[in-house]
There are 2 protein chains.
Amino acid sequence: MSYRIKSRIWIESDNNVLLGEGRVHLLKAIQETGSLSKAAKSLNISYKKAWQLLDSVNKSAKKPVTINNIGGKGGGGAELTDYGKLLVKAFDEINKNCWAFLDKQLEKIELL
Amino acid sequence: MSYRIKSRIWIESDNNVLLGEGRVHLLKAIQETGSLSKAAKSLNISYKKAWQLLDSVNKSAKKPVTINNIGGKGGGGAELTDYGKLLVKAFDEINKNCWAFLDKQLEKIELL
DNA sequence: AATCGCTATATTTGCACAGACATAACGATT
DNA sequence: AATCGTTATGTCTGTGCAAATATAGCGATT
């Protein structure tokens, strides 16, 4: 029949969004490039948008997700904390599990 | 800790959205009021938006989801087909299951 | 102290999308 | 054939949000 169930999940903390797919993409890009500006370029989003997202992430999280260095050698940079890495990993895992779960639920529709 | 996982699911058919939360709300309102225009009013959305949504639903579905009567006694009206009612019920069920599933997954984050 | 590339933030500009508005078409009822 | 309350569409407007632009601040390195 070819119906498909799609989903989008996100984690909130006090009604603020902590993590969603876009934010996770950004965090991964920071991990790969070592800087927020390079991460923004690699995702084709403006630096400003990337900064706003990251700022929101760090303000919503219980512990810091990234460490941002201003100035200094190379001008600075950003990197994930251990907590940030764990959060990203957990989000990916939960997201995949959710997809698998919903695929199973499809049969309830296909036999209508 | 009080992180929460939220989700939004929708059903697609050939890359077209068939059902999401908003569309299901609209279908339920049609079922209750017997007309698209009354349903739109009860949801505080414009008639046009409601019509576009419903049109998209019926174009995406494999079988008709509503029967729309133009003209005639009372000017016409709209009502759900049996297939439409089943779809709405299945969507609600899957959505609830998804919430429950994600609540269970929360523990993976809480112990970080 | 001058440079560099980054983070941090305000201000302005543009555009997509939602909403308001207008109108046609329809068919049972009178 | 006139009326009525719908469904069915097109058009126009404006506004909120995203993107572009501009600029300040930072600190290691030279």
Side-chain angles (χ1 to χ4, degrees), chain A residues 8 10 12 15-18 20-61 63-81 83-84, chain B residues 8 10 12 15-18 20-61 63-81 83-84:
Chain A
R8 189 151 291 175
W10 64 96
E12 289 191 4
N15 293 327
N16 298 314
V17 176
L18 165 62
E21 284 188 16
R23 290 161 192 243
V24 165
H25 280 149
L26 178 62
L27 292 179
K28 286 177 178 171
I30 289 172
Q31 198 167 9
E32 286 163 10
T33 61
S35 98
L36 179 55
S37 67
K38 283 178 190 161
K41 266 181 197 142
S42 80
L43 296 180
N44 276 328
I45 62 176
S46 67
Y47 173 81
K48 180 178 181 177
K49 182 168 185 181
W51 180 83
Q52 284 174 330
L53 278 173
L54 182 58
D55 188 52
S56 167
V57 167
N58 277 314
K59 279 183 177 147
S60 304
K63 297 194 239 172
V65 172
T66 63
I67 293 176
N68 307 329
N69 297 113
I70 311 174
K73 183 176 186 175
E79 57 182 344
L80 295 202
T81 61
Y83 182 65
Chain B
R8 188 150 289 176
W10 64 98
E12 289 191 5
N15 293 326
N16 298 315
V17 176
L18 165 61
E21 285 188 14
R23 290 161 192 244
V24 164
H25 280 149
L26 178 62
L27 292 179
K28 285 178 179 171
I30 289 172
Q31 198 167 8
E32 287 164 9
T33 61
S35 99
L36 180 54
S37 68
K38 283 178 191 160
K41 266 180 198 142
S42 81
L43 296 181
N44 276 328
I45 62 177
S46 67
Y47 173 82
K48 180 176 184 178
K49 181 168 186 182
W51 180 84
Q52 284 173 330
L53 278 173
L54 182 59
D55 187 53
S56 166
V57 168
N58 277 314
K59 279 184 176 146
S60 306
K63 298 193 239 173
V65 173
T66 63
I67 293 176
N68 308 328
N69 297 114
I70 312 174
K73 181 177 186 176
E79 56 182 344
L80 295 202
T81 61
Y83 182 65

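Numbers restart at 1 for each chain; the letters A, B, ... are given by sequence-line order, proteins then strands.
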**Student:** Going by heavy atoms in the side chains, are Ser42(A) and Glu32(A) under 4.5 Å from each other?
**Tutor:**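 No, their side chains stay 4.5 Å or more apart.
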**Student:** Quick one: NZ on Lys63(B) to OG1 on Thr81(B), what's the gap to the nearest 0.5 Å?
**Tutor:**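 Lys63(B) atom NZ to Thr81(B) atom OG1 measures 8.5 Å (nearest 0.5 Å).
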**Student:** Ignoring backbone atoms, establish whether Ser37(B) has a side-chain N or O less than 4.0 Å from OP1 or OP2 of dT7(D).
**Tutor:**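 For Ser37(B), the contact criterion (side-chain N or O under 4.0 Å from OP1 or OP2 of dT7(D)) is met.
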**Student:** Would Val57(B) and Leu26(B) count as a side-chain contact (heavy atoms from CB on, under 4.5 Å) here? Give the steps.
**Tutor:** CA-CA 10 Å; Val57(B) 168; Leu26(B) 178 62; over 6 Å; no
**Student:** Checking Arg23(B) against Val17(B) for the side-chain contact (heavy atoms from CB on, under 4.5 Å) test, could you report, in this order, the C-alpha distance in whole Å, the side-chain angles of both residues, the deciding distance, and whether it holds?
**Tutor:** CA-CA 10 Å; Arg23(B) 290 161 192 244; Val17(B) 176; 3.6 Å; yes
**Student:** If you compare all heavy atoms of Tyr83(B) against all heavy atoms of Ala61(B), which two are closest, and at what distance to 0.1 Å?
**Tutor:**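 Closest approach of Tyr83(B) to Ala61(B), heavy atoms only: CE2-CB, 4.4 Å.
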**Student:** Please list each protein N or O that sits under 3.5 Å from an N or O in nucleotides 17-26 of chain D, with the distance.
**Tutor:**
residue : atom : partner  : partner atom : Å
dC26(D) : O2   : Gly71(A) : N            : 3.2

**Student:** Between P on dT29(D) and NZ on Lys73(A), what's the gap in Å once rounded to a whole number?
**Tutor:**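 Taking NZ of Lys73(A) and P of dT29(D), I get 6 Å after rounding.
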**Student:** Heavy atoms from C-beta onward define the side chain here; which of dA28(C), dT7(C), dT7(D) lies closest to that of Ala78(A)?
**Tutor:**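 Closest of the options to the side chain of Ala78(A): dT7(C).
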**Student:** In whole angstrom, what separates Leu54(A)'s CG from dA8(C)'s P?
**Tutor:**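 In whole Å, dA8(C) P and Leu54(A) CG are 8 Å from each other.
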**Student:** Do Thr66(A) and Leu36(A) have side chains that approach each other closer than 4.5 Å (heavy atoms only, starting at C-beta)?
**Tutor:**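 No, every pair of side-chain atoms sits at 4.5 Å or beyond.
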**Student:** Is there a donor-acceptor contact under 3.5 Å from the side chain of Asn68(B) to the main chain of Ala78(B)?
**Tutor:**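 Here the side-chain-to-backbone pair does not exist.
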**Student:** Nearest whole angstrom, please: distance from the C1' of dT7(D) to the NZ of Lys41(B).
**Tutor:**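 My rounded result for the distance is 13 Å.
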**Student:** Which whole-number value in Å describes the distance from Asn69(B) CG to dC4(D) C1'?
**Tutor:**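 Checked: the CG to C1' distance equals 16 Å.
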**Student:** In whole angstrom, what separates Asn68(A)'s CG from dT9(C)'s P?
**Tutor:**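 My rounded result for the distance is 11 Å.
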**Student:** If you assign each of Asp55(A) and Gly74(A) to its closest nucleotide in DNA chain C, which residue comes earlier from the 5' end?
**Tutor:**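 Counting from the 5' end, the first nearest nucleotide belongs to Gly74(A).
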**Student:** Without decimals, in angstroms, what is the distance between Trp51(A) CH2 and dA8(C) C1'?
**Tutor:**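 Distance, rounded to whole Å: 6 Å.
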**Student:** To the nearest Å, give me how far apart CD (Gln52(B)) and P (dT7(D)) are.
**Tutor:**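 Those two atoms, CD and P, are 15 Å apart.
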**Student:** Nearest whole angstrom, please: distance from the C1' of dT9(C) to the CG of Leu53(A).
**Tutor:**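 Leu53(A) atom CG is separated from dT9(C) atom C1' by 15 Å.
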